Amino acid sequence: MPGPEGRRLHVVAAVLEDAGGRVLLTRRTEGRDLAGAWEFPGGKLENGESPAAGLARELHEELGIAVDPADCSPLIAVPFAYADKRILLDVFRIARWEGAPRGLESQALAWAPPERLHRYPMPPADRPVIAALRQPGCYPITPEPGDDHAAFVERIERLLTAGWRRIQLRARRLDRDALRPLAAQVAARCREAGAELLLNGDIALARELALGVHLRADQLPGLKRRPLPEGQPVAASCHDADELARAEALGVDFAVLGPVRPTASHPGAAPLGWDGFAALRERTTLPLYALGGLRPDDIAEARRHGAQGVAGISAFWPPAR
Ligand SMILES: Nc1nc2c([nH]c(=O)n2[C@@H]2O[C@H](COP(=O)(O)OP(=O)(O)OP(=O)(O)O)[C@@H](O)[C@H]2O)c(=O)[nH]1
């Protein structure tokens, strides 16, 4: 068996959705690792197979359905290190198939609504896959608001009109009394649009205004537990394995990891590159957004390295009018 430092096993898996948007899970049978866990159907790629062809073969063997490899589109590829092996869990959405899925290997099947997926015991590598089905692929972080708060709120409105459904309000130079009315105004706009708002750094104000919070990396060591209840989102900024482990232990919902590329906002920080990002991804189950010199159209590359997607300031913030 390859050790944790050995070559990565390439595992392909499928998201099959029924007409109601429910997702098919299969249960791992006795005698295999992670027996009893629910997972996305699929298995190990064989030598020389393309991922889509290998997935079509697995789905035929396990479920008796016929899938054209051209109908498999990449969702997310998660590099993950178990104690005894490293895998790349390469997950595809299947647009259409022929036949009704049956458990041909005596495995139980379940159709689960996406919002209930987290209630099924699934392998740790699947957590970022569930997040890819439920959380936004990209989101903007604001620059400092400056003095003209009306112009700032107008740009927030443009982000919401453009369809963004999560925003981080990052106003580190405003004291709490100056930030409170601005955050309340931005929060009201986000609520109307059905978007999630995370306030950078200020846990007390996030509590007061019933918002989410984005924790700075230097806040993590001082916290013993998740600072807000479930249902109020908590995220964290991370740059290395220690910070990711702290954020995971606190029970945050997701982390932002970077910088992936050199960035003007953090000129001194050494970029991780995509390989560095993927190496850190292997050691945590947290959903991760890549940050640092990235744009919304980097999402496909981010997903190939196990990120949910991309977050950023400059490439997202609309120009002044
Ligand atoms: N199919 C599938 N495998 C997953 C998922 N998540 C995850 O960590 N894996 C891991 O990826 C590997 C898939 O290999 P496999 O299904 O061929 O099963 P296996 O290792 O038991 O081998 P075997 O079928 O030859 O006994 C397993 O180690 C499994 O735990 C998932 O959602 N779907």
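Computed over heavy atoms, backbone and side chain alike; hydrogens, waters and symmetry mates excluded. Note that ligands are numbered from 1 as they come in the structure, with each ligand's atoms numbered from 1 the same way. Worth saying up front: this structure is predicted, and the values here are computed from it rather than measured.
Salt bridge status for E58 with K44: absent, with no side-chain N to carboxylate O gap under 4.0 Å. With respect to the salt-bridge test (charged N to carboxylate O, under 4.0 angstrom), the residues E17 and R22 do not qualify. Between D33 and R28, at least one side-chain nitrogen of the basic residue sits less than 4.0 Å from a carboxylate oxygen of the acidic one, meeting the salt-bridge criterion. A salt bridge is defined here as a Lys NZ or Arg NE, NH1 or NH2 lying under 4.0 Å from an Asp or Glu carboxylate O, and R96 with D68 fails to meet this definition.
Here E58 has no heavy atoms under 4.0 Å from ligand 1, in either its backbone or its side chain. Contacts between V91 and ligand 1 below 4.0 angstrom, taking non-hydrogen atoms only, are absent altogether. Of the heavy atoms in V129, none comes closer than 4.0 Å to ligand 1.
Looking only at heavy atoms of the protein, atom 30 (O) of ligand 1 is closest to L34 CD1, 3.0 Å. Looking only at heavy atoms of the protein, atom 10 (C) of ligand 1 is closest to I87 CD1, 4.0 Å.
In summary, the atoms of ligand 1 found under 4.0 Å from a heavy atom of F40, numbered by their order in the structure, are 1 (N), 2 (C), 31 (C), 32 (O), 33 (N). When each atom of ligand 1 is checked for a heavy atom of G43 under 4.0 Å away, the hits are 1 (N), 16 (O), 17 (O). Close contacts of ligand 1 with Y82, meaning ligand atoms under 4.0 Å from a residue heavy atom, involve 7 (C), 8 (O). Of all atoms in ligand 1, numbered sequentially from 1 with element shown, those under 4.0 Å from a heavy atom of A125 are 8 (O). Residue-ligand proximity, K85 to ligand 1, at heavy-atom distances under 4.0 Å covers atoms 28 (O).
Counting only N and O atoms by type, the side chains of T29 and E105 include no donor and acceptor under 3.5 Å apart.
A cation-pi contact, defined as under 6.0 Å to the ring centre and within 45° of the axis, links R166 to F254.
Put simply, no part of M122 is less than 4.0 Å from ligand 1, judged by heavy atoms.
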